[in-house]
Student: 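Here it is, the structure in full.
Chain letters run A, B, ... following the sequence lines, proteins first and then strands; every chain starts at 1. Scope of the values below: all heavy atoms of this structure, side chains included, with no hydrogens, waters or symmetry mates.
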2 protein chains.
Amino acid sequence: MGVLILCQDHGSHHKGSCRCAGMQMGRFMQPCLLLLLHRQSTHGYELMQQLEEFGFASSEIDPGTTYRHLRKMEDERLVRSRWETEQGGPAKRLYEITAEGEEILHAWAVTINFNKQRLEKFLEQYQSQFQEPTNKKGEP
Amino acid sequence: MGVLILCQDHGSHHKGSCRCAGMQMGRFMQPCLLLLLHRQSTHGYELMQQLEEFGFASSEIDPGTTYRHLRKMEDERLVRSRWETEQGGPAKRLYEITAEGEEILHAWAVTINFNKQRLEKFLEQYQSQFQEPTNKKGEP
DNA sequence: CCCCCATATATGGATATTGCCTATATAGAA
DNA sequence: TTCTATATAGGCAATATCCATATATGGGGG
């Protein structure tokens, strides 16, 4: 007992079900995709690569999940797409953000800011419970 | 079109399926419970109330979900419980964190810190795309 | 030519997680 | 007695996620 199975390396953390820590950040992919599309219209495959910028490890990014997010957002009119067949290679679907998508992106920013504060609050409490007791001893 | 249905108030944000923003923070409840139990052993009902400290709105906290997290963590030996029937009122299950639970809590802290940085990275990019263009205009 | 690889998109299936509703029980207040 | 607060728990449908796999195009090596 007492062996800590730290099956994540915090950059490409664990998959599947396991006892160890790991928040589900899957839905966080949506605002990231919207932000990338606001920067520049592009297609799914390139978006997947650009997601690494937001801490999605390449090993963590599942094409199925990514494309499903994009299609779901298209159903919701947050993005729009058209086929791009002019260039060589397999046909690609060019995505662009809609006005509605931009509005949702603003809502996401508020939520993300709120959640950032929740994480900060947790870390602050964590540190005060595990690190400050040592300090308290040191300063009489 | 263009009407933003902001169905969350960011403190007790939306439930169920909707098009608007909302990251799933459900699993974040686990480290919060562990941290609270590290502070003091107590029972599920009180933990639910203490969760508000970490941004869980009282309307958002579902007893079913909370107790399920606790039982799951007990299966995983992260917490331990015993029935408390001495006091009046309905029997309560007193939970305490285990050594294993404390180790997992440390792993959670690393993950949460990592995720905090992801959110910060997003917000930074968001601001540079939506707020800085105005500044650029203002400074020649 | 054939095979393999990178690019690009998409689907199926098993499992995990969540939200919501409801059931159970105790005890005190109205 | 009925209502409310305390306290825990289960069922079920909807979602989400992970993983494997399928499809197609075109380039390079042998």
Student: For the pair B/R77 and B/T98, evaluate side-chain hydrogen bond (donor to acceptor under 3.5 Å, both in side chains) and give the outcome as yes or no after the intermediate values.
Tutor: CA-CA 7 Å; B/R77 318 273 170 191; B/T98 64; over 6 Å; no

Student: What is the distance, to the nearest angstrom, from the CG atom on B/L51 to the C1' atom on D/dA7?
Tutor: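 Taking atom C1' of D/dA7 as the reference, CG of B/L51 is at 15 Å.
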
Student: Please round to the nearest 0.5 Å and tell me the distance separating atom CG of B/L34 and atom OH of A/Y126.
Tutor: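 The distance works out to 11.5 Å.
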
Student: Starting at CG of B/D75 and ending at P of D/dA9, how long is that distance when rounded to a whole Å?
Tutor: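 About 12 Å, once rounded to whole Å.
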
Student: What's the CE-P distance between B/M73 and D/dA9, to the nearest Å?
Tutor: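 Those two atoms, CE and P, are 13 Å apart.
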
Student: Atom CG of A/L70 and atom P of D/dT17: how far apart are they, to the nearest Å?
Tutor: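 It works out to 14 Å between those atoms.
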
Student: Sub-3.5 Å donor-acceptor pair from the side chain of A/T65 to the main-chain atoms of A/I61, do we have one?
Tutor: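 It does not hold such a pair.
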
Student: Considering residues at least two apart in sequence or located in another chain, which fulfil the salt bridge (Lys or Arg N to Asp or Glu O under 4.0 Å) criterion with A/R80?
Tutor: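 Per chain and number, A/R80 pairs via salt bridge (Lys or Arg N to Asp or Glu O under 4.0 Å) with A/E96.
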
Student: Please report, rounded to the nearest Å, how far the C1' atom of D/dA7 is from the CZ atom of B/R82.
Tutor: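 Rounded to the whole Å, the gap is 17 Å.
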
Student: Has the side chain of A/R82 got a donor or acceptor atom that lies under 3.5 Å from a matching backbone atom of A/L94?
Tutor: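 Side chain of A/R82 to backbone of A/L94: no pair is present.
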
Student: For the pair made of CE in A/M29 and P in D/dT15, what is the distance, rounded to whole Å?
Tutor: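 It works out to 19 Å between those atoms.
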
Student: Using a cut-off of strictly less than 4.0 Å, decide whether B/H69 has a side-chain nitrogen or oxygen near OP1 or OP2 of C/dT18.
Tutor: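 For C/dT18, OP1/OP2 do have a side-chain N/O of B/H69 under 4.0 Å.
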
Student: How many whole angstroms separate atom NZ of A/K72 from atom P of D/dT15?
Tutor: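 Between P of D/dT15 and NZ of A/K72: 8 Å.
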
Student: Side chains of residues 41-50 of chain A: which donor-acceptor partners sit under 3.5 Å, not counting sequence neighbours?
Tutor:
residue: A/E46; atom: OE2; partner: A/Q50; partner atom: NE2; Å: 3.4

Student: Which letter, B, S or -, goes with each nucleotide of nucleotides 4-14 of chain C from 5' to 3', with contact meaning a protein heavy atom under 4.0 Å?
Tutor: ---BBBBBBB-

